[in-house]
Amino acid sequence: MNLLTRLRLADDLTDAERALADVLLASPELCLTEGAKQLARRALVSPATVYRLCEKLGCSGLADLKVRLASSLEAYRHENAGIDVNFPVRVGQGGREVIDALSADLVQTLAATANVLDPAALDAAAALVRDAARVDVLATAGNVAFAQNFRFQMAEIGRVVSVPVDEYEQRLVVAAADAAHAVVLVSFGGRGFLARPAARSLAERGVPLVLVASAETTPLDEYATVKLALSPQEDHAEKVSPFATGLSLLFVLDTLFARVFVEDFDANLERRRALYRGVVATGGCSSRR
């Protein structure tokens with residue numbers, strides 16, 4: 001995760017560490033030039049707090065923190081481009097203005113998602129999906145379409161993924177899953193009526209669970225084998241439409257598919273081409289553009 005994004009979202013900091021984090025977020029460029037005493041003085045904390053925060057962030061010291069801070073700056077600026085993701089369009093806007101507004105909204109959303117998506121978590125999730133005897137994706141409402149797209153992508157490389165939509169069928173999937181399965185559970189904030197009991201049941205029985213949820217803490221985090229984070233910028237209810245959440249979910253599921261694909265790139269590419277040739281041979285889509 002981007003270091004500055006981690007600082008902004010962190011809910012495991014003490015009051016003193018939060019004060020220091022706020023100083024780092026407010027003026028990261030200035031912090032690059034300061035020592036521990038200067039940082040501590042501006043944040044009204046002790047120099048020891050500086051080193052405790054470094055340790056909590058996985059940095060070996062202040063110098064390491066500064067290196068990571070500097071490398072995070074550009075991506076963090078894209079994440080904070082000043083776009084209101086809840087209300088990117090306004091009354092009276094014409095076609096050109098709506099196009100520009102949505103374009104800016106989605107560019108910021110992609111940056112925010114890339115900043116919270118942990119590469120190590122992506123590697124771990126892809127390994128679970130790749131090695132599982134069966135993969136099931138649990139999603140509800142508008143998220144089902146994105147889950148179905150992931151199912152379609154995996155089918156094109158010869159991998160069967162189920163996306164049950166009916167509530168009873170979802171409960172059957174949860175009840176039948178075992179340690180040889182991998183379940184991908186999509187729930188932005190863990191509010192779905194089935195999400196928490198399903199996650200708890202799967203965790204208790206040792207079923208690998210890939211949680212796709214907000215980068216902020218959710219009630220499902222404790223049950224996840226690995227969590228793939230979504231951009232948390234959009235409000236759950238107070239918004240025009242889930243423009244940002246939808247794109248964030250599509251991006252995460254696309255990266256999961258791509259990470260599985262590249263693990264055996266040549267074979268997967270040939271499998272997809274062969275399947276497409278079979279579709280064409282049965283009178284399906286023509287290969288002509």
Side-chain angles (χ1 to χ4, degrees), residues 1-34 36 38-40 42-45 49-88 104-122 188-190 211-221 224 226-239 242-245 247-249 251-252 255:
M1 184 183 292
N2 181 286
L3 180 68
L4 288 163
T5 304
R6 163 82 169 89
L7 283 170
R8 180 170 61 82
L9 296 178
D11 58 4
D12 59 345
L13 304 182
T14 65
D15 290 344
E17 290 166 350
R18 171 47 60 194
L20 178 58
D22 290 343
V23 165
L24 291 169
L25 288 167
S27 54
E29 293 92 344
L30 176 60
C31 295
L32 293 175
T33 67
E34 296 180 319
Q38 291 171 295
L39 282 172
R42 285 207 295 124
L44 302 177
V45 299
T49 300
V50 176
Y51 295 104
R52 281 199 303 271
L53 182 61
C54 289
E55 183 177 357
K56 187 166 285 188
L57 293 171
C59 300
S60 59
L62 183 57
D64 186 28
L65 175 68
K66 288 182 178 181
V67 170
R68 292 181 57 189
L69 190 65
S71 65
S72 298
L73 268 171
E74 183 176 358
Y76 187 70
R77 289 193 185 103
H78 288 304
E79 175 186 342
N80 293 275
I83 308 301
D84 183 349
V85 297
N86 296 309
F87 297 96
D105 177 15
L106 300 185
V107 166
Q108 178 174 285
T109 297
L110 285 175
T113 308
N115 282 344
V116 297
L117 189 54
D118 182 0
L122 181 62
F188 184 81
L211 175 64
V212 182
S214 170
E216 295 179 336
T217 302
T218 81
L220 307 182
D221 291 2
V226 60
K227 178 179 177 178
L228 299 180
L230 300 171
S231 168
Q233 290 188 341
E234 199 168 66
D235 188 86
H236 169 58
E238 188 64 19
K239 61 191 172 189
F243 298 126
T245 301
L247 183 66
S248 187
L249 176 56
F251 180 77
V252 168
T255 58

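- Put simply, CG on Leu13 and CG on Leu7 are 7.0 Å apart, with the number rounded to the nearest 0.5 Å.
- With contacts defined as side-chain heavy-atom distances shorter than 4.5 Å, the pair Phe251/Leu110 qualifies.
- Taking all atoms of both residues into account, the shortest heavy-atom contact from Phe188 to Pro232 is CZ-CA, 4.0 Å.
- Every residue two or more places apart in sequence or in another chain that forms a side chain to side chain contact (heavy atoms under 4.5 Å, CB included) with Ala224 is listed here: Leu211.
- Ala21 and Leu53 make their closest contact through N-CD2, 4.3 Å (heavy atoms, listed as atom of the first residue, atom of the second, distance).
- Under the rule for a side chain to side chain contact (heavy atoms under 4.5 Å, CB included), the partners of Val226 that lie at least two apart in sequence or sit in another chain are Ala121, Ala124, Ala125, Leu128, Val210.
- Of the possible polar contacts, none joining the Arg42 side chain to the Leu24 backbone as a donor-acceptor pair under 3.5 Å is found.
- In this structure, the separation between CG on Leu106 and CG on Leu247 is 5.0 Å, given to the nearest 0.5 Å.
- Side-chain atoms of Val116 and Leu230, non-hydrogen and from C-beta on, never get closer than 4.5 Å to each other.
- In this structure Thr113 satisfies the side chain to side chain donor-acceptor pair (under 3.5 Å) test together with Ser248, sequence neighbours excluded.
- Across Val50 and Ala36, no two heavy atoms sit closer than the pair CG2-O, 3.7 Å.
- Each of Arg6, Glu79, Arg8 was scored for a side chain to side chain donor-acceptor pair (under 3.5 Å) with Asn115, with one residue passing: Glu79.
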Exercise answer: donor-acceptor pairs, residues 70-77 side-chain atoms, under 3.5 Å, sequence neighbours excluded:
from  : atom 1 : to    : atom 2 : distance (Å)
Ser71 : OG     : Val67 : O      : 3.4
Ser71 : OG     : Arg68 : O      : 3.0
Ser72 : OG     : Leu3  : N      : 3.3
Ser72 : OG     : Arg68 : O      : 2.7
Arg77 : NH2    : Glu29 : OE2    : 2.4

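- Residue Val45 comes nearest to Ala16 through the heavy atom pair CG1-O, 3.5 Å, listed as atom of the first residue, atom of the second, then distance.
- Each of Asp15, Thr14, Asp22 was scored for a side chain to side chain donor-acceptor pair (under 3.5 Å) with Arg18, with one residue passing: Asp22.
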Would you tabulate the side-chain donor-acceptor contacts of residues 54-62 under 3.5 Å, counting partners in other chains and residues two or more places apart, or write 'none'?
from  : atom 1 : to    : atom 2 : distance (Å)
Lys56 : NZ     : Asp12 : O      : 2.9
Lys56 : NZ     : Glu17 : OE1    : 2.8

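- Remark: Leu117 CG to Leu228 CG distance equals 6.0 Å, nearest 0.5 Å.
- For the pair Asp105 and Ala244, the tightest heavy-atom approach, listed with the atom from each and the gap, is OD1-CB, 4.3 Å.
- Partners of Gln108 according to the side chain to side chain donor-acceptor pair (under 3.5 Å) rule, which considers only residues two or more places apart in sequence or in another chain, are Gln233.
- Taking His78 as the reference, nothing meets the side chain to side chain donor-acceptor pair (under 3.5 Å) condition, with sequence neighbours excluded.
- With sequence neighbours left out, Arg52 forms a salt bridge (charged side-chain N to carboxylate O under 4.0 Å, His left out) with no residue at all.
- Of all the heavy atoms in Thr33 and Lys66, the pair that sits closest is C-NZ, 4.2 Å.
- Residue pairs meeting the salt bridge (charged side-chain N to carboxylate O under 4.0 Å, His left out) criterion with at least one partner in residues 227-238, sequence neighbours excluded, are Asp221-Lys227, Glu234-Lys239.
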